[in-house]
Amino acid sequence: MSTALLLLLGLAVQHSATPANWTGPYEPCRNSRELRKTGRMSIGVRYDIPDAVVIRQFQSAFDFWARILDAEFHEEPSNSCAVAVVNATGALLSGGGVVARAQFPDWSGFHGWIAIDPLAPKHLDDSEAVATWIHEIGHLLGLRHNPSADSLMYFLDADSKSKLDSADLRSLASLHALRPVPIAEGAP
């Protein structure tokens, strides 16, 4: 085999090693790059779902992140969004108990999508749903699963008792600007 062909094959293998995000018949968000910023973020959210209860739950989840990140979240009904919440199609959520899936900003084909099971409101109570949406938004922000069952980024069953732990916060701080922690009264 020629050296040029071996080089091309090596480049193809190297390129294919980059993980790719899942895809679907969804409108992309033209400003998904906002989720990769290390400074202040202005994140427009488009809801391509009809369920007002789920939209309210997502707004609560985005409020959670706005208290931690130097970011503001606002509705953006156009393709100028950074995030789109969409109904999952087909086998996207295959596997027992999976109610949502988010893309990762450092993988190829990133469009800022979170796909949810349209029947999720029947499977989750309000606090479980908000914790699950917080978890999925964490993935959009670049966080991976955490092995601690107490973490919101644990791979199973996020609930209202789960929190971001120190490993989550260190990882988040390496990716994005965090809000300053207020100094407690009487602290030196």
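Note that these values count all heavy atoms, side chains included, but never hydrogens, waters or copies made by symmetry. Residue numbers start at 1 and run along the sequence shown. Only a predicted model underlies this, so the values are computations on that prediction, with no experimental measurement involved.
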Whether Trp133 and Phe58 hold their rings parallel, tilted or perpendicular, with breakpoints at 30° and 60°: parallel
What about [X] and [Y], same hydrophobic cluster or not, with Ile/Leu/Val/Met/Phe/Trp/Tyr joined at side-chain heavy-atom distances under 4.5 Å?
| X | Y | result |
| --- | --- | --- |
| Leu178 | Leu152 | yes |
| Val83 | Ile49 | yes |
| Phe64 | Val53 | no |
| Leu119 | Ile116 | no |

Using side chain to side chain contact (heavy atoms under 4.5 Å, CB included), reason through Ile43 and His74 one step at a time and then give a plain yes or no. CA-CA 6 Å; Ile43 300 172; His74 59 276; 5.8 Å; no
Heavy-atom pair of closest approach, residues Gly109 and Asn21: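 Looks like O-CB, 3.7 Å.
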Ignoring hydrogens and angles, tell me if any N or O in the side chain of [X] forms a donor-acceptor pair with the backbone of [Y] under 3.5 Å.
| X | Y | value |
| --- | --- | --- |
| Trp65 | Ile134 | yes |
| His145 | Met153 | no |
| Gln103 | Gly112 | yes |
| Arg101 | Ala115 | no |
| Glu136 | Ala102 | yes |
| Tyr26 | Asn87 | yes |
| Trp113 | Trp22 | no |
| Arg170 | Asp165 | no |
| Glu76 | Ala82 | no |
| Ser171 | Asp168 | no |

Please test Leu164 against Ile68 for side chain to side chain contact (heavy atoms under 4.5 Å, CB included), starting from the C-alpha separation and ending with a verdict. CA-CA 10 Å; Leu164 292 176; Ile68 295 168; 3.5 Å; yes
In the structure I gave you, are the side-chain heavy atoms of His176 and Leu141 within less than 4.5 Å of one another anywhere?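 Yes - at least one pair of side-chain heavy atoms lies under 4.5 Å apart.
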Heavy-atom side-chain contact between Val86 and Ile114 under 4.5 Å: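 Sidechains of Ile114 and Val86: no contact.
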For Asn146 and Ser148: C-alpha separation, side-chain torsions, deciding distance, then whether side-chain hydrogen bond (donor to acceptor under 3.5 Å, both in side chains) applies. CA-CA 5 Å; Asn146 183 321; Ser148 170; 4.6 Å; no
Step by step, would you call Glu72 with Arg40 a side chain to side chain contact (heavy atoms under 4.5 Å, CB included)? CA-CA 8 Å; Glu72 58 94 11; Arg40 175 138 179 85; 3.5 Å; yes
Between Arg46 and Asp48, does any side-chain N to carboxylate O distance fall below 4.0 Å? yes
Hey, are Arg36 and Asp106 close enough for a salt bridge, meaning a charged N less than 4.0 Å from a carboxylate O? no
Strictly under 6.0 Å, is that where the ring centroids of His139 and Phe104 end up?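 Close enough - the centres of the two rings lie under 6.0 Å apart.
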Between Asn31 and Arg33, is the side chain to side chain contact (heavy atoms under 4.5 Å, CB included) condition met? List the steps. CA-CA 5 Å; Asn31 290 320; Arg33 67 188 172 284; 3.1 Å; yes
